[in-house]
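Here the structure comes first, spelled out in structure tokens, and everything after it is commentary.
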Amino acid sequence: MHDNSIPLHDGAVANILRACTGAKVDFHFVEQIHAKIIRFGFCTSPHFCNPLIDFYLKNEFVDSAIQTFKSMGTGDSVTWVAMISGLSQNCREVEAILLYREMRKLGVFPTPYVFSSIISACTKIDFFDLGEQLHALIIKWGFSSELFVCNSLVSLYSRCGNLTFADLIFSEMQCRDKVTYNTLISGFAMRGLTEKSVQLFEKMQSESLKPDGVTVASLFGTCASMGDLHKGMQLHSYAIKAGMCSDIIIEGSLLNLYVKCSDVKTAHKFFLDTQTHNVVLWNVMLVAYGQMGELLDSFHIYSQMQIEGLQPNQHTYPSILRTCTSVGALDLGEQVHTQVIKTGFQPNVYVCSVLIDMYAKHGKLETALKIFRRLNEDDIVSWTAMISGYTQHDMFSEALKLFEEMQERGIRSDNIGLASIVSACAGIQALSQGRQIHSQSIVSGYSSDISIGNALVCLYARCGCVMEAHLLFEKINPRDNVSWNGLISGFAQSGMSEEALKVFSQMIQAGEEANMFTYGSAVSAAANLTKKNLGKQIHARTIKTGYDSETEVCNVLLTLYAKCGCLNDARRVFVDIPQKNEISWNAMITGYSQHGYGRQAIELFEDMKRLQMMPNHITFVGVLTACSHVGLVEEGISYFKSMSEQHGLVPKQEHYACVVDVLGRAGQVCRARSFVESMPIKPDAMVWRTLLSACTVHKNREIGEVAAKLLLELEPKDSATYVLMSNMYAVTGKWDYRDRARQLMRDRGVKKEPGRSWIEVRNSFHAFFVGDRLHPLADEIHQYLEDLNERVGAIGYVQDRSSLWNDLELGQKDPTAYIHSEKLAVAFGLLSLPNVIPLHVMKNLRVCNDCHNWMKSVSKVVDRTIIVRDAYRFHHFQNGICSCKDYW
DNA sequence: CTAGGGTTAG
């Protein structure tokens with residue numbers, strides 16, 4: 001036609017261009033036609049130009065299309081649709097939307113074609129609100145039963161997560177096609193509603209619609225998230241028979257299937273067999289090695305893809321960064337971060353959320369916050385990553401503050417977000433806030449969510465709500481060992497150790513598998529109750545199950561033995577820890593300290609520094625206590641100074657109290673006083689109590705009165721305050737003042753906590769009060785005590801009656817009625833236990849002076865080590881002397 | 001002239 005100079009005919013041009021669109025025709029050929037159209041003056045004619053625009057847009061010549069469109073004037077409705085859908089298909093969705101606005105302004109009526117295109121554009125860039133507004137217009141214009149329009153609406157609601165609505169539109173459609181099914185199938189699959197997705201696939205087949213490549217690709221996704229390799233492989237065969245496997249998207253979804261079903265071998269083989277230059281395949285392999293924790297292989301993939309000319313994209317970075325996060329390779333993660341910046345992916349939400357998570361998880365919360373604040377998007381994952389980062393680093397109030405900010409901004413949290421904020425509440429025992437979030441989670445439809453359920457169980461247990469914790473625990477179905485651990489650790493941490501151990505034994509009986517968290521909590525509960533034998537049994541279990549090499553478990557075992565007074569066992573655990581961390585060192589130092597082994601504690605601290613371990617606040621409490629035990633005054637002061645000068649630590653009240661103890665024990669009461677007066681923070685009750693007890697030992701009434709006065713102001717309800725005060729007056733001979741202190745206590749209605757001692761004999765605990773005769777062996781115990789008193793009297797022990805607390809005790813006619821509980825416990829222990837093992841006695845208050853002297857003598861006459869844990873410290877009585885060197 | 005699919009984060 002061209003050669004014979006036959007004039008242009010619109011139908012012919014349209015047909016030629018349509019033919020060009022599908023075939024790979026040289027652009028210049030089309031340009032020649034375009035030139036002819038212009039030359040013959042048809043450049044405003046929709047008949048000629050619409051096919052031209054369509055050709056340009058389908059072949060990515062967007063600018064040529066826009067140019068053609070601009071020269072046309074208004075065009076017809078087909079022109080607008082071609083432009084709008086074409087722009088949308090070329091990732092220029094915003095321009096498509098703007099063009100739609102212009103079209104409406106010019107009064108051009110929208111057609112179903114326009115609506116399906118524009119809804120699709122909105123869906124692609126998450127303009128869901130606009131999409132919903134357009135839905136209203138669709139109803140108004142009467143297009144709501146058009147197949148293509150409905151398909152685009154199903155897609156819109158699927159993508160924005162409103163599957164209920166998508167399903168509703170689907171069910172109200174009079175006729176559906178493959179696209180309708182495919183759209184909803186992938187919608188369900190993406191939201192993890194795998195069962196619904198499979199059901200729909202079956203329904204589709206019952207309506208004789210043959211699955212195509214799109215269906216299969218979506219279903220591979222469904223199988224992948226269900227972990228159903230078998231069904232996935234059946235589909236794979238189907239895809240091979242149907243000849244779909246060369247499809248680039250099928251390839252990606254198939255590889256993903258094998259990776260998610262943990263068949264990395266098949267996946268890798270498949271990956272090597274693929275021929276396409278497809279970045280998705282590399283990204284999926286990155287996920288494969290990441291989920292196995294193979295950092296080296298991940299980085300090999302990451303660099304190899306770049307060598308082969310593929311650039312990392314917004315999917316690549318999150319995968320590699322997540323692997324860096326989970327294996328703890330922060331340094332490599334930071335390098336990837338620089339590459340993110342260089343390649344311009346920093347504004348991407350996905351990339352940012354992983355960066356936030358990485359920095360937050362590794363304690364770099366300020367860096368995480370910077371990225372988070374710069375992101376400036378209402379992205380729930382980033383908020384959650386930030387919140388849980390705070391929670392993981394015990395910054396619970398920061399977590400709660402951020403959560404409040406999030407709610408003020410109107411961002412709705414999902415199950416993962418709610419679970420992490422509940423954990424934050426558990427961390428600071430914010431019970432009422434936790435309850436509010438509990439109800440919020442029910443309202444949001446998460447009442448059967450296991451992550452929230454587990455977090456709530458932990459919250460209620462930590463807040464001591466035994467009933468609620470158990471009720472919630474019962475409701476979780478199916479339970480996992482996180483549920484059990486939450487209950488056990490919650491009770492253990494809220495001091496309900498008995499309850500924790502009860503649940504632990506139920507867990508074992510239920511055949512549930514305990515892990516390091518379970519053992520950690522159970523051992524810590526046993527340690528709090530100083531249940532040495534039970535602790536040993538749990539220790540045996542950890543050895544059997546191999547958890548005895550976990551540092552965290554070892555640290556608690558060490559503490560258990562130290563708290564039970566078995567320092568040798570504690571030491572053995574410490575020596576055998578394969579990878580000691582700061583907590584291990586702290587626990588051992590503290591253990592030595594509490595038992596009065598100051599030298600060993602200080603030596604260990606020096607070792608710790610040599611090994612470049614970072615001492616923290618707890619380390620220094622141990623070290624300073626050790627100094628006070630050994631009487632290392634100047635060393636103690638210099639260690640105290642080193643806290644801020646060398647280790648960047650700000651001393652807390654307990655450190656000041658330790659220094660006061662160091663000075664007080666050495667008899668430097670005046671120096672202790674001026675030390676307290678020079679404190680940069682307001683001294684708390686602990687500091688004054690320490691000073692007061694130093695004054696009691698060294699009979700310094702002047703300073704003692706100052707300390708007592710301030711202590712009375714700070715803790716007027718604490719009986720220990722009055723006891724200390726009264727003792728201070730007693731030792732300085734001010735009997736009238738002592739009586740006044742006691743009177744004051746009575747007037748204020750403060751009751752002395754009854755003294756109580758207990759001892760473990762053959763797996764059961766025997767507890768005693770003052771003058772107790774309730775024990776079945778009471779007669780034998782008292783008889784034995786009389787013998788014992790004769791024997792200690794023979795080596796010079798004389799009872800010190802000033803230690804007896806009240807007139808009642810002093811005025812008792814029956815002298816056996818005021819025998820202190822620790823004496824009874826010791827007598828019972830000596831009667832009941834083989835005479836080689838040391839006695840371990842626990843007491844809830846401080847041991848009194850008389851009992852202390854008595855124990856020293858007893859340890860000598862019966863030749864036994866007696867270890868007493870009172871409210872303050874351990875006393876090891878051996879051969880007539882005590883490890884506390886008579887200062888406590 | 002219109003609609004649907006794969007890989008990434010807490």
Side-chain angles (χ1 to χ4, degrees), chain A residues 46 50-51 53-54 57-58 75-86 88-89 111-120 123 143 146-156 158-159 177-187 189-190 212-221 224 244 247-257 259-260 278-288 290 312-322 325 348-358 360-361 379-389 413-417 419-420 451:
Chain A
N50 289 350
I53 287 173
D54 196 40
L57 287 167
K58 290 221 164 65
D76 64 6
S77 76
V78 176
T79 320
W80 290 98
V81 172
M83 277 307 293
I84 290 169
S85 76
S88 168
Q89 280 158 11
T111 61
Y113 291 95
V114 175
F115 280 119
S116 39
S117 309
I118 199 74
I119 293 282
S120 164
T123 306
F143 298 141
E146 292 280 341
L147 179 65
F148 277 73
V149 174
C150 286
N151 285 347
S152 69
L153 284 171
V154 171
S155 174
L156 172 82
S158 289
R159 290 278 170 168
D177 66 358
K178 234 184 257 185
V179 175
T180 329
Y181 277 96
N182 287 345
T183 310
L184 200 55
I185 285 173
S186 81
M190 267 189 310
D212 63 4
V214 179
T215 325
V216 171
S218 302
L219 284 165
F220 278 145
M244 297 167 177
D247 182 297
I248 186 170
I249 288 169
I250 298 269
E251 227 172 33
S253 58
L254 195 50
L255 184 64
N256 182 52
L257 169 79
V259 166
K260 289 290 153 66
N278 179 2
V279 70
V280 173
L281 301 175
W282 293 84
N283 288 343
V284 174
M285 287 316 288
L286 220 44
V287 174
N313 65 8
Q314 70 272 29
H315 294 274
T316 318
Y317 290 121
S319 298
I320 190 83
L321 285 168
R322 190 190 185 205
T325 307
N348 182 279
V349 254
Y350 264 88
V351 177
C352 272
S353 66
V354 196
L355 283 170
I356 291 165
D357 185 50
M358 178 177 83
K361 273 218 175 76
D379 175 49
I380 177 66
V381 177
S382 302
W383 283 84
T384 308
M386 204 59 227
I387 288 172
S388 65
S413 199
D414 61 7
N415 54 342
I416 300 173
S420 77
S451 322

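Labels below follow one simple rule: chain letters A, B, ... track the order of the sequence lines, proteins then strands, and each chain is numbered from 1. Not measured: the values here are computed from a predicted model.
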According to a strict under-4.0 Å criterion, is [X] in side-chain N/O contact with OP1 or OP2 of [N]?
X: K260(A); N: dG6(B); result: no
X: S253(A); N: dG5(B); result: no
X: Q314(A); N: dA9(B); result: no

In this structure, how many angstroms lie between the [atom2] atom of [N] and the [atom1] atom of [X], rounded?
X: Y317(A); N: dA9(B); atom1: OH; atom2: C1'; result: 16 Å
X: I118(A); N: dC1(B); atom1: CD1; atom2: C1'; result: 14 Å
X: N348(A); N: dT7(B); atom1: CG; atom2: P; result: 16 Å
X: H315(A); N: dT8(B); atom1: NE2; atom2: P; result: 8 Å
X: E146(A); N: dA3(B); atom1: CD; atom2: C1'; result: 12 Å
X: K178(A); N: dA3(B); atom1: NZ; atom2: P; result: 17 Å
X: I320(A); N: dA9(B); atom1: CD1; atom2: C1'; result: 15 Å
X: I84(A); N: dA3(B); atom1: CD1; atom2: P; result: 12 Å

Under 3.5 Å, is there any donor-acceptor pair linking the side chain of [X] to the base of [N]?
X: D212(A); N: dG5(B); answer: no
X: T384(A); N: dG10(B); answer: yes
X: D247(A); N: dG5(B); answer: yes

Checking all strands, does [X] fall into the base, sugar-phosphate, or nothing category for heavy-atom contacts under 4.0 angstrom?
X: N256(A); result: sugar-phosphate
X: S116(A); result: base
X: N313(A); result: nothing
X: I380(A); result: base

* Heavy-atom side-chain proximity of D357(A) to L321(A) below 4.5 angstrom ->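 No, too far: nothing below the 4.5 Å cut-off.
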* Asked: With side chains defined as the heavy atoms from C-beta onward, is the minimum distance between M83(A) and I53(A) less than 4.5 Å?
  ->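 Yes; the side chains approach each other to less than 4.5 Å.
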* May Y350(A) be described as stacking on the base of dT8(B), applying a 5.5 Å centroid limit and a 30° limit on plane angle? -> yes
